[in-house]
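Below is one structure, written out as structure tokens; comments come after it.
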Amino acid sequence: MDIYVDNAATTAMSDTALAAMLPCFQQDYGNPSSLHSPGQRAAEKLAEARSIFARGLHARPEEITFTSGGSEADNQALRSAAALGARKGKRHIVSTKFEHHAILHTLQALEKEGFQVTLLDIPTDGVVTAEAVAAAIRPDTCLVTVMFANNEIGTVQPIPEIGGLCREKGVLFHTDAVQAAGHLPIDVTAMDIDLLSLSAHKFHGPKGVGVLYARKGVPLVNVIYGGAQERGKRAGTENIPGICGAAAAFDEACAHMEENAVRLTALRDKLIAGLMAIPHTVLNGDAVRRLPGNVNVCFEGIEGESLLLKLDERGIAASSGSACTSGSLDPSHVLLALGRPHEVAHGSLRLSLSSYNTTEEVDYILEVLPGIVAYLRDISPVWDELETGRRPHLI
Ligand SMILES: *Cc1c(COP(=O)(O)O)cnc(C)c1O
């Protein structure tokens, strides 16, 4: 059986998205900036895609900018808010310790340019409070950026509360909604969101397409300079195939959001219950306030990487949700922020479901996983120390 449960990393494209893209390659391949008919047909497709995103986010079409992905949208959002703040002498930014690296590394770059950054600690349930955000805001704060849902542990943040608070204090509010878009309802107006990023390949759209929503009156600065595309805020010939695929995938995800969420939540909770039956296992993040498709646990006494390899042998593609996979020996910054000790954080497993996953797949995972964990613990010297009492159990 081939099972893909790494949908927080990326998803398969939907048939609808692919069908929307295909005509853009060899038939309607015009450049939207061209005045001739093929160009104008492309311009119409671009406008239609923009209104689909505007509708889904409760925004206006002119507030939607297409980018090369979630990372670029995050970079541009932060740089725009920082530039606006700097003009008013405000150079302080509030964020959290468990943001995506597209946020954390942009903040580090801004620090080198003279900005001050406060990164909030993460409570053990993985949900940042509006009170903690309020306490960190200073008179010179120009931006609060808190992710909508975390990509490793799936916890959903109190976005409307944080948005309302920022609006009240006159501070711009950005949210990285890459994991939430297409999965949870988003209303930028009701939620008082000034800037928002999303990425198409996390909801069955193509890779290389992102959206930056910027509320009317919040000026964007360029990250990419060149032509006058995207009202001069993002140069480069528009990726029409990608943008059409992204819009089709978003429309489809929004149309089926409710039913997908109900079905995925049931699968998720079945997985969590099954995994928690394995001794010395802990769930990372709140059990309820989490994405419908996210499961993230730590098994004591094993290495996440060996677990992933064993799962892969059995046809299951999962993730440890940690930086180890990229060659670093540091455990996940998210799990450390959550307060997991290093040795526990190393034994993490993230199973991220999409609407393409089935009950049979979940049953198969629950059938093979306990045996793999038991096997790895059997051959682990650390587990031996834990079981013989030479080392205390931490979970
Ligand atoms: C995937 C992801 C990104 C990056 O998006 P890309 O389109 O891959 O650049 C940013 N933030 C979060 C939370 C993500 O999950």
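All ligand and atom numbering here is 1-based and tracks the order in the structure.
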Within the 4.0 Å heavy-atom cut-off, what His201 brings close to ligand 1 is side chain
Quick one: does ligand 1 sit under 4.0 Å from the side chain of Lys207, the backbone, both or neither, non-hydrogen atoms only? neither
What I want to find out is whether Asp6 reaches Arg350 closely enough, with some N-O distance under 4.0 Å, to be called a salt bridge. yes
Any salt bridge between Glu63 and Arg231, counting N to O under 4.0 Å? no
The answer for which part of Ser71 has a heavy atom under 4.0 Å from ligand 1 is both
Heavy atom of the protein closest to atom 1 (C) of ligand 1 (residue, atom name, distance): Lys202 NZ, 1.5 Å
Should the proximity of Ile103 to ligand 1, defined as any heavy atom under 4.0 Å, be assigned to the side chain, the backbone, both, or neither? neither
Top protein contact for atom 3 (C) of ligand 1, by heavy-atom distance: His100 NE2, 3.5 Å
Any nitrogen or oxygen of Asp176 lying under 3.5 Å from a nitrogen or oxygen in ligand 1? Just yes or no. yes
Give the residue and atom name of whichever protein heavy atom lies nearest to atom 7 (O) of ligand 1, and the separation in Å to one decimal. Ser199 OG, 2.6 Å
Tested for side chain to side chain donor-acceptor pair (under 3.5 Å) against Thr141, the lone hit among Gln116, Lys90, His92 is His92
To the nearest 0.1 Å, how far is atom 6 (P) of ligand 1 from its closest protein heavy atom, and which atom is that? Gly70 N, 3.5 Å
Look at atom CD1 of Ile379 and say whether more than 12 heavy atoms of other residues, nucleotides or ligands are closer to it than 6.0 Å. yes
Can you check whether Gln179 has an N/O within less than 3.5 Å of an N/O in ligand 1? yes
